[in-house]
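Since the structure comes first, as structure tokens, the remarks are kept for the end.
Computed from heavy atoms alone, side chains included, the values below leave out hydrogens, waters and symmetry copies. Throughout, protein chains are lettered first and strands after them, A, B, ... in sequence-line order, and every chain is numbered starting at 1.
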Amino acid sequence: MAKEIPSRSEDYSLWYNELVKKADLAEHSDVRGCMVIKPYGYSIWEKMQQALDAMFKETGHVNAYFPLFVPKSFLAREADHVEGFAKECAIVTHYRLKTSEDGKGVVVDPEAKLEEELIVRPTSETIIWNSYKKWIQSYRDLPILINQWANIVRWEMRTRLFLRTAEFLWQEGHTAHATAKEAVDETLQMLNVYAEFAEKFMALPVIKGKKSEGEKFPGAVDTYCIEAMMQDGKALQAGTSHFLGQNFAKAFDVQFASKEGKLEYVWGTSWGVSTRLMGALIMAHSDDDGLVLPPKLAPIHVVIVPIFRTETELAAIREKANLVIQDLRKHGVTVKFDDRDTQKPGFKFAEWELKGVPVRLALGPRDLENGTVEVARRDTKEKQVMPIDQVAVNVVLLLEEIQKNMYKRAADFRQRMTTPVNSFDEFKKVINDKGGFVSAHWDGTKETEAAIKEQTKATIRCIPLDVPDEAGTCVFSGKPSARRVLFAQAY
RNA sequence: CGGGGUGUAGCGAAGCCCGGUAUCGCGCUUGGUUUGGGACCAAGAGAUCGUCAGUUCGAAUCUGGCCACCCCGACCA
């Protein structure tokens, strides 16, 4: 009862905030804009990291670590890039504290002013390219395919748990190549890695696309993204991959001698996903009873709730349950046996549902008598009773089924929430009344993009990659357009 | 950063207008009865009322500053 959360229809934002807290994923810290990721939430992030890291390694990348601090002068070298986030940088100006005059606290020691201020990294392009300059002389040094797992700081004005916090965790890949083609291929390869991860592990269908000029990373030549649809009809950018061209190579003077002996600037990419994926995971699947986790990312796959009155009964149930647990673990299934005698079964059911555990088994005296077990799935809340000696195999299959069903449900939802429109009246009506993605013709100008944003709060989420060209006219200006792009209000 | 709102026990709230030293539900502790969908009874513990200052004999209550969070807007690689 105490753990109940508001419904999505009542107040979606409140539902999200309460869910994150009540499911024990994260909470606000006493540091402005920063959150504490709690063990249950962090273990989901760890699962994401494991899966992504394996995919990065498979595609030839290695991990490294670069400093948290970036000298201010590094940022100054790439004017376009810095313009994007100069307004939200944390700056280190001093390196020492001293006891205050009244002896009651500490103050910044004015004597300890840094000669050059350090910026807490909002992203690491500059500090990494500064290193690459030292590492690259010849085409033989290329490509460099490095990823780093790190925390970064962007001093956001308005924060939300996981979706936008002042400090967050992410991975950033930074690669250097001898040719533009190789760098573009890398950019698209990583976009595909992200899409595959979202779909296979998060059960989250995404649209791969290219950002408009207005929406792209300022330091990039092209920005690609994966866009997902949340249950409230707003879009969420789940990952980005940038083709940097030679921008950073030029800013940091990174040249290499080609096979032909000519000096050329290096071609770069960068790509990242962050703890924001947690927000996407929550908002795409969860319901009014709590979290719904895809089995591939659930810290606990199966919880077994014993129904018992006495210690003797519990002992008998435990014996049976242990056989099931062993069997499940052989199949790589993570099982929790919830034998707390301080909570009633009903309470435990509700609690594990809140935490999104995909499968629940209930085992009581009646089951012991009949040789059965009750199996409940979180995604549909269906329950069935089955013979206990078949349960392990069935649960393994059920977990796969849940993973598939969650994807399908999200994909169907997105399908319903994608609306092609052919006039601006229709556009406005859909954005206001229905939400979701609006597929519309756009003349390709940033003036039109800005005007539409002004009037509808919808932005161009992406120019989808996998759609055929289709001649038409811009919904706003009536000018010719070669293809439809996706608009939506976004997180 | 602009507009609005909120901050009282671990959580959710009442009290504030009209100043007199804090109330309720959940949770927690102990004992007992319970246990197949969020148990019940009884007895307890727990709050210098976000924070700092001011007004006052006296401040959760009035005034001002600050901090945090929420909603709307601006911004968001």
message: Measuring only the C1' atom in each nucleotide, how far is B/C17 from B/A59? A whole number of Å is fine.
response: 15 Å
Quick one: which protein N/O atoms are closer than 3.5 Å to N/O atoms of nucleotides 66-69 of chain B? Pair and distance per line, please.
unit_1 : atom_1 : unit_2  : atom_2 : d
B/A68  : OP1    : A/Arg32 : NH1    : 3.2
B/A68  : OP2    : A/Arg32 : NH1    : 2.9
B/C69  : OP1    : A/Gly33 : N      : 3.0
B/C69  : O3'    : A/His28 : NE2    : 3.4

- request: Pull out every residue in residues 361-369 of chain A that has a heavy atom closer than 4.0 Å to any atom of RNA chain B, ordered by number, or say none.
  value: A/Ala362, A/Gly364, A/Pro365, A/Arg366, A/Asp367
field: RNA chain B contacts made by residues 301-309 of chain A, counting heavy atoms under 4.0 Å
entry: A/Ile307, A/Phe308, A/Arg309
- prompt: What is the ring orientation for A/Trp267 with A/Phe243, classed by angle as parallel under 30°, tilted 30 to 60°, or perpendicular over 60°?
  reply: parallel
- request: Assess A/Lys133 against A/Phe252: is NZ or CZ under 6.0 Å from the centre of the six-membered ring, and within 45 degrees of the ring's axis?
  value: no
query: What is the nucleic acid contact for A/Arg360, judged by heavy atoms within less than 4.0 Å: base, sugar-phosphate only, or nothing?
result: base
field: A/Thr459 and A/Arg461 side chains, donor-acceptor separation under 3.5 Å
entry: yes
query: Is any side-chain N or O of A/Glu353 under 3.5 Å from a base N or O of B/G37, one able to act as donor and the other as acceptor?
result: yes
- prompt: Is the NZ atom of A/Lys446 crowded by more than 12 outside heavy atoms at less than 6.0 Å?
  reply: no
- prompt: Does any N or O donor sit under 3.5 Å from an N or O acceptor when you compare the side chain of A/Lys383 with the base of B/G37?
  reply: yes
query: A/Gln189 and A/Thr59: side-chain donor and acceptor closer than 3.5 Å?
result: no
- request: Counting Watson-Crick and G-U wobble pairs only, both distances under 3.5 Å, name the nucleotide matched with B/G37, or none.
  value: none
Candidate pair A/Arg409 and A/Asp379, rule salt bridge (charged side-chain N to carboxylate O under 4.0 Å, His left out), full reasoning: CA-CA 10 Å; A/Arg409 200 158 66 176; A/Asp379 60 337; 5.4 Å; no
query: Contact class for A/Glu125 vs. all strands (heavy atom < 4.0 Å): base, sugar-phosphate, or nothing?
result: nothing
message: Closer than 4.0 angstrom, basic N to acidic O: yes or no for A/Asp287 and A/Arg378?
response: yes
message: Using a 6.0 Å distance limit plus a 45 degree cone around the ring axis, check whether A/Arg360 lies over the aromatic ring of A/Phe349.
response: yes
query: A/Pro122 or A/Glu18: which one's nearest nucleotide on RNA chain B is closer to the 5' end?
result: A/Glu18
message: Please evaluate residues A/Lys211 and A/Glu227 with respect to the criterion salt bridge (charged side-chain N to carboxylate O under 4.0 Å, His left out), reporting the C-alpha separation (whole Å), side-chain torsions for both, the decisive distance (0.1 Å), and the verdict.
response: CA-CA 10 Å; A/Lys211 285 291 185 192; A/Glu227 291 283 329; 2.8 Å; yes
message: Checking A/Arg164 now: which residues fulfil side chain to side chain contact (heavy atoms under 4.5 Å, CB included) with it, not counting sequence neighbours?
response: A/Glu156, A/Arg276
- prompt: So, A/His242 versus A/Thr223: side-chain donor-acceptor pair below 3.5 Å or not?
  reply: yes
message: If I pick the C1' atom on B/C11 and the same atom on B/G46, what distance separates them, to the nearest angstrom?
response: 13 Å
Between the protein and nucleotides 73-75 of chain B, are there any N/O to N/O pairs under 3.5 Å, and if so, what are the atom names and distances?
unit_1 : atom_1 : unit_2   : atom_2 : d
B/G73  : OP1    : A/Lys457 : NZ     : 2.3

Heavy atoms of other groups near A/Glu213 CD, more than 12 under 6.0 Å: no
message: Just checking A/Trp155: does its CH2 atom have more than 12 heavy atoms from other residues, nucleotides or ligands closer to it than 6.0 angstrom?
response: no
message: When you compare the side chains of A/Thr175 and A/Thr269, does any donor N or O come within less than 3.5 Å of an acceptor on the partner?
response: yes
- request: Scan A/Lys348 against the nucleic acid and name what it touches under 4.0 Å (heavy atoms): base, sugar-phosphate only, or nothing.
  value: nothing
field: B/G15 versus B/C57 - spacing of their C1' atoms, nearest Å
entry: 23 Å
message: Any salt bridge linking A/Lys381 with A/Asp289? Criterion: basic side-chain nitrogen under 4.0 Å from a carboxylate oxygen.
response: yes
- prompt: Strictly under 6.0 Å, is that where the ring centroids of A/Phe424 and A/Phe427 end up?
  reply: yes
message: Roughly how many Å apart are B/A42 and B/A47, using the P atom of each and rounding to a whole number?
response: 24 Å
message: When the C1' atoms of B/A74 and B/G2 are compared, how many Å lie between them, rounded to an integer?
response: 8 Å
query: Would one find a side-chain N or O of A/Ser13 under 4.0 angstrom from OP1 or OP2 of B/C70?
result: no
task: Between B/C18 and B/G64, how far apart are the P atoms? Round to whole Å, please.
output: 15 Å
query: Above 12 or not: heavy atoms from other molecules or residues under 6.0 Å from CD of A/Glu319?
result: no
message: Any residue in residues 218-239 of chain A with a heavy atom nearer than 4.0 angstrom to RNA chain B? Just list them by number, or reply none.
response: A/Pro218
message: Please report the distance separating the P of B/U48 from the corresponding atom of B/U23, rounded so that it comes out in whole Å.
response: 14 Å
query: B/U30 and B/A45: how far apart are their C1' atoms, nearest whole angstrom?
result: 10 Å
